[in-house]
*Asks:* 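Take this structure, written in C-alpha cells, and hold onto it; I'll ask about it next.
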Amino acid sequence: MKSRLQIFDNLKVFQRFWGWLFKRYRKPIIAFEILAAAFFISANWYQILLIHGDSMYPAYHDMQFVILDKHLGKYTYGDVVAFWCAGLDTLLVKRIAACPGDQVWIQDEKLFVNGRESQVFPADAVFADAGLAKSALFLGKDEYFVIGDQIAKSKDSRFREVGYVREADIRGKVLPEKNPSFRGGK
C-alpha cells in the first residue's frame, strides 16, 4: 500500500507532466478542444446549413447560409423547418402550413386548414397545383404539411415524393428569416 506521501509525489509528477505537455502542445490542444466543442454544439443545438434552390425565396435564397436550431423541438404554423425527405433522398427546407391533427386541402387555388383559409401564406398566394391536397387530408399525431414559399416551383407535401413530414424527420427550425412576410397562424 502506498503512503500518502508517495501518492502526493505521484500527483506532483502528473501535474508537472501535464504542465509540460500543455506548454509544449498548447495550440493543438486548444484546437482540439474547440473542434470538440463545435462538433458537440453542431450535433445537439445549432448547425450551419446551406440553402440549395429558390423554393423558399424571398425568405431564403439559393446558396444562403442559415442557422438550424436543433434544440427547440416545438414547431407550429409558419415555422421554416429542415427535414429529411426519404423520397428525394435529401434534406429539404419548407414552411409548415398544417400541424398534427389538422385537416388540410386545396380548393379554388386556396389552401384550407381545418375548414378555414390558411393564414400562413399571403392572401394573394395561388395554389394552382393541389397535388395530394386536392381532397381533404387528415394529418396524424406527428405529421406536418409543408409548402415552399415559391408555391409554383416547390416540391413539398403536395407531391407524393415528399408527402407528410413526420416530426422524427425534422432536423430543426431554420433561423433567421430575412423577409418575415409570412404571417404564421392557421
*Asks:* Is it true that the side chains of Asp102 and Tyr77 contain a donor and an acceptor less than 3.5 Å apart?
*Replies:* yes
*Asks:* Is there a path of hydrophobic side-chain contacts, each under 4.5 Å between heavy atoms of I/L/V/M/F/W/Y residues, joining Ile51 to Leu91?
*Replies:* yes
*Asks:* Could you please spell out the steps behind the side-chain hydrogen bond (donor to acceptor under 3.5 Å, both in side chains) verdict for Ser154 and Lys94?
*Replies:* CA-CA 9 Å; Ser154 179; Lys94 305 293 176 191; 3.0 Å; yes
*Asks:* Are there more than 12 heavy atoms of other residues, nucleotides or ligands under 6.0 Å from atom CG of Leu50?
*Replies:* yes
*Asks:* Please table the atom pairs, donor to acceptor, closer than 3.5 Å between any side-chain atom in residues 159-169 and protein atoms at least two apart or in another chain.
*Replies:*
| residue | atom | partner | partner atom | Å |
| --- | --- | --- | --- | --- |
| Arg166 | NE | Asp169 | OD2 | 3.4 |
| Arg166 | NH2 | Asp169 | OD1 | 3.2 |

*Asks:* How many angstroms lie between CG in Asp69 and CG in Asp79, if you round to the nearest 0.5 Å?
*Replies:* 10.0 Å
*Asks:* Can you name the nearest heavy-atom pair linking Lys141 to Pro100, along with the distance?
*Replies:* O-CB, 3.2 Å
*Asks:* Consider only side-chain heavy atoms of I, L, V, M, F, W and Y, link residues closer than 4.5 Å, and tell whether Phe112 and Leu137 are in one cluster.
*Replies:* no
*Asks:* With side chains defined as the heavy atoms from C-beta onward, is the minimum distance between Val174 and Tyr60 less than 4.5 Å?
*Replies:* yes
*Asks:* Using every non-hydrogen atom in the two residues, find where Asn114 and Gly101 come nearest and quote the distance to one decimal.
*Replies:* OD1-O, 4.5 Å
*Asks:* First locate atom CZ of Arg116, then atom CD of Gln103, and finally report the distance between them rounded to the nearest 0.5 Å.
*Replies:* 13.0 Å
*Asks:* Can you measure from CG (Asp156) to SG (Cys85) and round to the nearest 0.5 angstrom?
*Replies:* 10.5 Å
*Asks:* Assess the residue pair Trp84 and Arg171 against the criterion (side chain to side chain contact (heavy atoms under 4.5 Å, CB included)); give the C-alpha distance rounded to whole Å, side-chain angles, the decisive distance to 0.1 Å, and a yes or no.
*Replies:* CA-CA 7 Å; Trp84 181 255; Arg171 300 297 188 250; 3.3 Å; yes
*Asks:* Please tell me whether Val120 and Ile147 are part of a single hydrophobic cluster in this structure, the criterion being side-chain heavy atoms less than 4.5 Å apart.
*Replies:* yes
*Asks:* Sub-3.5 Å donor-acceptor pair from the side chain of Ser157 to the main-chain atoms of Phe145, do we have one?
*Replies:* no
*Asks:* Determine whether Ile48 and Phe39 fall in the same hydrophobic cluster, where Ile, Leu, Val, Met, Phe, Trp and Tyr are linked whenever their side-chain heavy atoms lie under 4.5 Å apart.
*Replies:* no
*Asks:* Give a yes or no on whether the ring-centroid distance for Tyr144 and Phe83 is below 6.0 angstrom.
*Replies:* no
*Asks:* Roughly how far, to the nearest 0.5 Å, is the CD atom of Gln107 from the CD atom of Glu117?
*Replies:* 11.0 Å
*Asks:* What heavy-atom pair brings Cys99 and Leu139 nearest, and what distance separates the two atoms?
*Replies:* O-CD1, 3.2 Å
*Asks:* Could you tell me the separation between the CD1 atom of Ile96 and the CD1 atom of Ile170, rounded to the nearest 0.5 Å?
*Replies:* 5.0 Å
*Asks:* Are Met56 and Val66 linked, directly or through other ILVMFWY residues, by side chains that come within less than 4.5 angstrom of each other?
*Replies:* yes
*Asks:* Specify the closest pair of heavy atoms between Phe138 and Glu143, including all atoms of both residues, with the distance to one decimal.
*Replies:* O-OE1, 4.2 Å
*Asks:* For the CG atom of Leu175 and the NZ atom of Lys173, what is their distance to the nearest 0.5 Å?
*Replies:* 6.0 Å
*Asks:* Between Asp149 and Arg95, is there a side-chain N and carboxylate O pair less than 4.0 Å apart?
*Replies:* yes
*Asks:* Answer whether the closest heavy-atom distance between the side chains of Tyr57 and Lys153 falls below 4.5 Å.
*Replies:* no
*Asks:* Could you walk me through whether Val126 and Ile151 satisfy the side chain to side chain contact (heavy atoms under 4.5 Å, CB included) test, starting with their C-alpha distance in whole Å, then the side-chain angles of each, then the deciding distance to 0.1 Å, before giving a yes or no?
*Replies:* CA-CA 7 Å; Val126 176; Ile151 298 164; over 6 Å; no
*Asks:* If we ignore hydrogens and angles and just use 3.5 Å, is the side chain of Lys110 paired with the main-chain N or O of Ala123 as donor and acceptor?
*Replies:* yes
